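Read through the structure below, which is laid out as structure tokens, and then see the notes.
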There are 2 protein chains.
Amino acid sequence: MGGEAAEAVFLVISGMLRAFKTLPDGRRLITAFMGEGDFLGLAVDGIYEYAVEAVTPVTLRRFPRHRFEAILDKSPQWRNTLLHNATEELRLAQDHMVLLGCKNATEKMASFLLQLARRNKRAGRPPSPVCLSMTRGDIADYLGMTAETVSRSLTFLREDGVIDFPAHRNVAILRFDKLAAQSGGSALHE
Amino acid sequence: MGGEAAEAVFLVISGMLRAFKTLPDGRRLITAFMGEGDFLGLAVDGIYEYAVEAVTPVTLRRFPRHRFEAILDKSPQWRNTLLHNATEELRLAQDHMVLLGCKNATEKMASFLLQLARRNKRAGRPPSPVCLSMTRGDIADYLGMTAETVSRSLTFLREDGVIDFPAHRNVAILRFDKLAAQSGGSALHE
DNA sequence: CGACTATTTGAAACGATTCAAACCCGGTGG
DNA sequence: CCACCGGGTTTGAATCGTTTCAAATAGTCG
């Protein structure tokens with residue numbers, strides 16, 4: 001649905017989606033994974049900024065765009081909230097640029113796991129057992145590497161005791177202190 | 001000035017600046033080069049989102065933040081403009097993510113040159129002779145590679161007749177058709 | 001001119017990718 | 001109930017592109 005007019009705005013209730021851009025030859029970058037509490041189709045100008053697909057079965061709450069706009073015109077401070085929202089998204093995008101441009105495979109993977117943990121916390125769940133609901137290929141296209149390298153980084157972190165796969169390997173238990181050390185740090189400092 | 005309160009908003013009149021983020025160990029990613037017509041310190045919450053430094057001597061027009069806010073509260077449609085602005089910045093950030101995550105050295109360099117050309121056009125100048133006012137190191141930190149690789153990509157493009165350095169090599173003449181072919185394409189399609 | 005910095009170029013080393021094979025697992029049908 | 005299939009994942013070995021380190025060159029400013 002890339003570039004099409006946004007008929008409505010959606011709030012993610014449950015499940016996981018991927019937002020992505022692709023190059024003409026098919027190379028793909030997943031710009032964000034979206035889960036519980038994230039908004040879809042928030043582009044003000046009514047144009048979707050990227051394509052979105054479901055990673056797992058998803059339930060959404062739909063807000064028709066015209067009603068959305070009406071609310072916005074009535075109480076301007078919501079527009080301010082929206083601006084805050086966009087600014088925050090921009091900050092996240094910049095952090096991801098740092099990840100893509102500066103970090104090596106292991107650091108990317110560690111950062112990604114910490115991100116998933118943060119997302120858990122934001123949704124009111126315990127941060128530690130994170131669920132890797134997307135495929136290795138998706139993770140790869142998010143972190144700017146290949147599925148094989150994703151797999152290798154994961155086993156490397158496991159062998160180092162940074163993470164652990166209990167039973168069925170869709171979830172990972174995190175050792176936050178060790179993870180932070182492997183992640184190369186966040187871009188927020190100085 | 002990263003993370004400090006933004007006392008004012010600035011409009012770039014002339015010159016070139018770099019906005020960047022760094023990791024604790026010093027690795028740096030330049031998130032954007034800013035030139036004529038760009039705004040600085042637009043973060044709504046009054047916190048700078050990144051550090052900014054001058055690349056060349058710069059002249060700015062200063063708008064005190066309180067006056068800026070006052071104007072915003074008076075005529076709400078400016079807030080809308082601001083939102084549009086943020087959305088556009090987000091789109092650019094996503095395109096840059098594609099560059100960092102998907103493209104090889106030559107494609108990155110070609111894309112960068114096309115970006116500079118677009119910036120020229122936006123400023124009302126002819127697009128073709130672009131000025132590489134920043135150092136190779138800066139370009140490297142913007143494209144997620146090393147200064148040496150930037151240099152090599154540049155000579156590769158020159159040997160292929162894609163670009164040309166007349167006399168003093170701070171400027172490059174572009175062959176747009178060939179450049180587009182080398183850039184890997186834009187992420188806007190389908 | 002001489003000193004300093006940025007850039008270019010070369011050669012070796014490294015990390016990620018590629019290609020290929022083996023593996024694990026959930027689902028289907030004999 | 002087990003054989004088999006297909007997708008996703010893991011692992012291995014060779015290859016490739018970028019980085020790293022080092023040296024040579026060009027450009028700038030006192």
Side-chain angles (χ1 to χ4, degrees), chain A residues 16 18 23 25-30 53 55-57 99-113 131-160 163-172 182 184, chain B residues 16 18 23 25-30 53 55-57 99-113 131-160 163-172 182 184:
Chain A
M16 177 80 77
R18 53 173 181 248
L23 289 173
D25 69 356
R27 277 174 290 180
R28 181 183 65 155
L29 187 98
I30 294 182
E53 292 173 347
V55 173
T56 66
L99 180 149
L100 291 168
C102 297
K103 296 186 177 179
N104 65 26
T106 312
E107 292 170 333
K108 285 176 177 178
M109 198 62 228
S111 305
F112 178 60
L113 292 170
C131 175
L132 299 167
S133 42
M134 64 295 289
T135 69
R136 301 297 130 105
D138 279 348
I139 299 175
D141 286 354
Y142 180 61
L143 300 179
M145 52 207 227
T146 62
E148 292 93 330
T149 307
V150 167
S151 179
R152 277 185 246 271
S153 317
L154 235 23
T155 62
F156 175 74
L157 289 174
R158 182 163 43 79
E159 285 169 354
D160 259 36
I163 60 175
D164 193 34
F165 292 120
H168 294 293
R169 36 273 278 71
N170 233 11
V171 293
Q182 288 281 14
Chain B
M16 177 81 76
R18 53 174 181 245
L23 289 173
D25 68 356
R27 280 174 289 179
R28 182 182 65 157
L29 187 98
I30 294 181
E53 293 173 346
V55 173
T56 66
L99 181 149
L100 292 168
C102 297
K103 295 186 178 179
N104 65 27
T106 312
E107 292 171 333
K108 285 175 177 178
M109 197 62 228
S111 304
F112 177 60
L113 292 170
C131 176
L132 299 168
S133 41
M134 63 293 291
T135 69
R136 300 296 129 105
D138 280 349
I139 299 176
D141 285 354
Y142 180 61
L143 300 179
M145 53 207 225
T146 62
E148 292 93 328
T149 307
V150 167
S151 179
R152 278 184 246 271
S153 317
L154 236 22
T155 61
F156 176 75
L157 290 174
R158 183 164 43 78
E159 285 169 353
D160 259 37
I163 62 175
D164 193 35
F165 291 120
H168 295 294
R169 40 268 278 76
N170 232 13
V171 294
Q182 289 279 14

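The model shown is predicted, which means the values in this text are computed figures rather than measured ones. Heavy-atom basis, side chains included; hydrogens, waters and symmetry copies ignored. Residue numbering restarts at 1 for every chain, and letters A, B, ... go by the order of the sequence lines.
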Do any side-chain atoms of residues 147-159 of chain A form donor-acceptor pairs under 3.5 angstrom with protein atoms, and if so which ones, sequence neighbours left out?
from     : atom 1 : to       : atom 2 : distance (Å)
A/Thr149 : OG1    : A/Thr146 : OG1    : 2.9
A/Ser153 : OG     : A/Thr149 : O      : 2.6
A/Thr155 : OG1    : A/Arg152 : O      : 2.8

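For the pair A/Arg18/A/Met134, no side-chain contact is recorded, criterion being any heavy-atom separation below 4.5 Å from C-beta on. Looking at heavy atoms from C-beta onward, B/Leu100 lies in side-chain contact with B/Leu29 at the 4.5 angstrom threshold. No side-chain heavy atom of A/Arg28 sits less than 4.5 Å from a side-chain heavy atom of A/Leu23.
With rounding to the nearest 0.5 angstrom, the SG atom of A/Cys102 is 7.0 Å from the CG atom of B/Asp141. To the nearest 0.5 Å, atom CE of residue B/Met145 and atom CE of residue B/Met109 are 6.5 Å apart.
In terms of the side-chain contact (heavy atoms from CB on, under 4.5 Å) criterion, A/Asn170 has no residue partners (sequence neighbours excluded). Annotation: side-chain contact (heavy atoms from CB on, under 4.5 Å) contacts of A/Thr135 (sequence neighbours excluded): A/Asp138. Under the side chain to side chain donor-acceptor pair (under 3.5 Å) criterion, A/Arg136 pairs with no residue, sequence neighbours left out. Contacts of A/Pro166 classified as side-chain contact (heavy atoms from CB on, under 4.5 Å), with partners at least two apart in sequence or in another chain: A/Val171, A/Ile173.
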| task | Quick one: do B/Leu99 and B/Tyr142 satisfy side-chain contact (heavy atoms from CB on, under 4.5 Å)? Show the steps, please. | result | CA-CA 10 Å; B/Leu99 181 149; B/Tyr142 180 61; 5.9 Å; no
| message | Let's go through B/Ile139 and B/Ile30 carefully: what are the C-alpha distance in whole Å and the side-chain angles of both, what is the deciding distance for side-chain contact (heavy atoms from CB on, under 4.5 Å) to 0.1 Å, and is it a yes or a no? | response | CA-CA 8 Å; B/Ile139 299 176; B/Ile30 294 181; over 6 Å; no
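Within the structure, the salt bridge (Lys or Arg N to Asp or Glu O under 4.0 Å) test picks out the following pairs touching residues 103-112 of chain B (sequence neighbours left out): A/Arg27-B/Glu107.
Regarding B/Ile139, its CD1 atom lies at a distance of 11 Å from the C1' atom of C/dT7, rounded to whole Å. Computed from coordinates, the B/Phe156 CZ to C/dT7 C1' distance equals 19 Å when rounded to whole Å.
Of all nucleotides in DNA chain D having an atom under 4.0 Å from a heavy atom of chain A, the first and last in 5' to 3' order are D/dT9 to D/dA13.
End-to-end axis angle of the helix from C/dC1-D/dG30 to C/dG30-D/dC1, from C1' rotation axes over five pairs per end: 20° (rounded to 10 degrees).
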| query | Along nucleotides 8-14 of chain C, 5' to 3', which nucleotides get a B, which get an S, and which get a -, given that the test is a protein heavy-atom distance under 4.0 Å? | reply | BBBB---
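Between A/Thr146 and C/dT17 there is a side-chain polar atom (N or O) within less than 4.0 angstrom of OP1 or OP2.
Contacts with DNA chain D (heavy atom under 4.0 Å) in residues 99-108 of chain A: none are found.
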